[in-house]
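Heavy-atom basis, side chains included; hydrogens, waters and symmetry copies ignored. Throughout, a chain's letter reflects where its sequence line sits, starting with A, and its residues are numbered from 1.
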There are 2 protein chains.
Amino acid sequence: MSGKKDITIVDIARELNISISTVSRGLKDHPDINKDTRQKIWNKAEQLGYTANIFASNFRKKKTNTLGVIIHRLHGYFISSLLDGMEKVANEAGYNLIISQSRESYHKEMANAKTMLANRVDGLLISLAYDTESLAHIEPFINKGIPVIFFDRVFENSQGVSVIIDNYKNAYDITKHLITEGCSKIMHITACLKRNVYAERYRGYRRALEDYNIPFSDDMLILNDMNPQDGIAAAEKILQMENRPDGLFIAEDENAAYCMHHLKQNGVRIPEDIAIAGFNNDPISRTVDPNLTTVNYPAYDIGAVAATSLISQLNGASSVVQVMNKIVLKSEVIIRESSRRKK
Amino acid sequence: MSGKKDITIVDIARELNISISTVSRGLKDHPDINKDTRQKIWNKAEQLGYTANIFASNFRKKKTNTLGVIIHRLHGYFISSLLDGMEKVANEAGYNLIISQSRESYHKEMANAKTMLANRVDGLLISLAYDTESLAHIEPFINKGIPVIFFDRVFENSQGVSVIIDNYKNAYDITKHLITEGCSKIMHITACLKRNVYAERYRGYRRALEDYNIPFSDDMLILNDMNPQDGIAAAEKILQMENRPDGLFIAEDENAAYCMHHLKQNGVRIPEDIAIAGFNNDPISRTVDPNLTTVNYPAYDIGAVAATSLISQLNGASSVVQVMNKIVLKSEVIIRESSRRKK
DNA sequence: TTTAATTTTGCAAACGATTGCAAGAAATAG
DNA sequence: CTATTTCTTGCAATCGTTTGCAAAATTAAA
């Protein structure tokens, strides 16, 4: 199958008639080794076509140089930007990224965590699944002293650092915006409220309604899985209401876009009849017509900051990092045509 | 830092007063080992909180159970779906995915390939960068017998398997569609023609024009990097032409969406004034107004098939796979409102 | 020249599992 | 009761590097 077997430092040592340890040191320019010897080693390595076996080296050093990433779902612009940021930082720091998805299942998430543990990742980055309600699967990491960073979908009061944005505040602001644009019946479409991101957005929404004395009733909340068909189904549901809302706050742009599109197709004018706001600042929000009011969720930065923070912990966490428990990135409401009702 | 040190099979062996090899075998239910002994081993492992060190095991077995993935860019719906498919297949087969991006740079691609090699991935999945013109960085894999699968951005006449769609045919079909809808001046907006995906689409476009006797001139081709601002810039350029096109074939949906949006904002009617077609069937194509005519590029399947094919090669490539050099997945033009000019 | 200081190199034990081979124990046959 | 066969278990080498410590070689100091 695989051709001739790999060249190792042993081969180099034998050819040069020197010891393995000298080769090992020479290869990494250890000052103990004579310049000429180093050169000879390099030449021979080159000549034999030697490729360092980092794998073996890592084994000996009990370090894998690998960061585990568990995400809820590998889907769409948001998550790919986030991974982009992570990969950039990790790659530059010489770490590899092992990526796996829980597909919103706690079971899968546990299995993935186990695999990561067994594979001895140096650190873990995780965004929780819909139904994760316990961090039992993360504890082994903590116990072994493997740093864990939570991002986006986090757990309140968890050990380890969380990298997030202020979902509550943004939801509050965007709902308030809809209210000040004159909306008096604002519906909220979101996903499983067990997860902080959705729970917080919902809380912000409710609080804004309350602060402005707008009544809320259960039929103003639609829970779904944020799939395309869910957005359309939500629109359909709204179309069939006798007393339609005049404002819509949807927890994700993609879903908002589908919903808005379907509403428009059925004669609803946006924003005149219904003002709409989304969340994430997905590119889709800038290509729908009218452009979608949304919240700028800096996905790339979340990824980059999470990775940076993890790596700095691995490099002997300065006390500053040690103490940190939550990193909240800047984010803000972006008002566009989909919600501008006043001239 | 890290608490107490790991429990190993040595610890289990010592505690149970049996040999290491027995523990090793017992842990994996080797039939040689007595049932009772196996049970004792499992219990003790459980009790001590043992976590198999796959890393060490892999080292000994000279197998990493890891697949390297090098993509051009971690961005957007297309690539995340593709990775989704890969992750699913890989995960189910017990493989980890190490993902890195070349960011469209050959240099980075080479560096990433080197890292993958040094990390002894069992196989490689790669989509080439814009400016990759040689496979020198891939040769070491071939030489070592490490299987390589190219997907999406491939190289003609390469060793290893390619998983792609028929870009030429789809581009031909979609251009032909624009022509039959009555377009007589069709522009093409695409990216670096060095890459097969763009080159083939261009070729299909040109061929269709030719077959239908539509003249082509250099100003009908716009090359850019497929970023949002590029889409807008292209629209701007078109707006300023004295003799505007009546058809537009853009090599990617996201870019098409930006371009179309900007044209619309400047009073161009779609499809009446200009019919537009994209590529990829990105969700964005279904939320823009009018919906975008496009080519269904089954990203998820590409990823899944690429991973499946790689893994089957690792599992002792049946001769069927051995001989395969190119896997072309089904794909087809999806006609929507953005190009429907006839009633 | 001797001795001390410095520079280079090598020995050998890790790292945590796997595995071919052989030996001991138990069961079956003759 | 011995000879076989079948189960179970253990020995020890191995995977490719790293690294503490000691030894050898070279250079500098006296």
(message) By a 5.5 angstrom centroid cut-off and a 30 degree plane limit, is there stacking between B:Phe59 and D:dC15?
(response) yes
(message) Whether B:Ser57 contacts C:dA17 is assessed here as follows: a side-chain N or O lying under 4.0 Å from the phosphate OP1 or OP2. Is that the case?
(response) no
(message) Can you see if the side chain of A:Lys61 gets near the phosphate of D:dT17 - specifically, an N or O under 4.0 Å from OP1 or OP2?
(response) no
(message) Given A:Phe151, which partner from the list A:Leu329, A:Ile164, A:Leu128, A:Ile302 fulfils the side-chain contact (heavy atoms from CB on, under 4.5 Å) test?
(response) A:Ile302
What nucleotide among [options] has an atom nearest to a side-chain atom of [X]?
X	options	answer
A:Thr8	C:dG16, D:dT9, D:dT17	D:dT17
B:Arg25	C:dG20, D:dC11, C:dG16	C:dG20
A:Thr37	C:dT8, D:dT19, D:dG16	C:dT8
A:Ser24	D:dG10, D:dT17, C:dG10	D:dT17
A:Asn34	C:dT8, C:dG16, C:dC11	C:dT8
B:Ile18	D:dG16, D:dT19, D:dG10	D:dG10
B:Thr22	C:dT19, D:dT19, D:dT9	D:dT9

Please report the distance, rounded to the nearest Å, between [atom1] in [X] and [atom2] in [N].
X	N	atom1	atom2	answer
A:Ile20	C:dC11	CD1	P	9 Å
A:Ile33	D:dT19	CD1	C1'	12 Å
B:Asn58	C:dC15	CG	P	19 Å

(request) Have a look at B:Asp32 and say if it touches a base, only the backbone sugar-phosphate, or nothing, with a 4.0 Å heavy-atom cut-off. (result) base
(message) At 4.0 Å (heavy atoms only), tell me whether B:Lys28 reaches a base, stays on the sugar-phosphate, or touches nothing.
(response) sugar-phosphate
(request) With the side chain counted from C-beta on, respond yes when A:Glu133 and A:Asp131 share a heavy-atom pair under 4.5 Å apart, and no when they do not. (result) no
(request) Answer whether the closest heavy-atom distance between the side chains of B:Ser312 and B:Asn315 falls below 4.5 Å. (result) no
(request) Taking only Lys NZ, Arg NE, NH1 and NH2, and the carboxylate oxygens of Asp or Glu, determine whether B:Lys144 and A:Asp6 approach each other closer than 4.0 Å. (result) yes
(request) Give a yes or no on whether the ring-centroid distance for A:Tyr106 and A:Tyr130 is below 6.0 angstrom. (result) no
(message) What stems show up for DNA chain C when you take Watson-Crick pairs (N1-N3 plus N6-O4 or O6-N4) and G-U wobbles (N1-O2, O6-N3), both under 3.5 Å, and require three or more consecutive pairs?
(response) C:1-30 with D:1-30
(message) Can you see whether A:Asn91 engages B:Asn112 through a side-chain donor-acceptor pair at a distance of less than 3.5 angstrom?
(response) yes
(request) Check whether any side-chain N or O of B:Asp122 sits under 3.5 Å from a backbone N or O of B:Asn65 as a donor-acceptor pair, and report yes or no. (result) yes
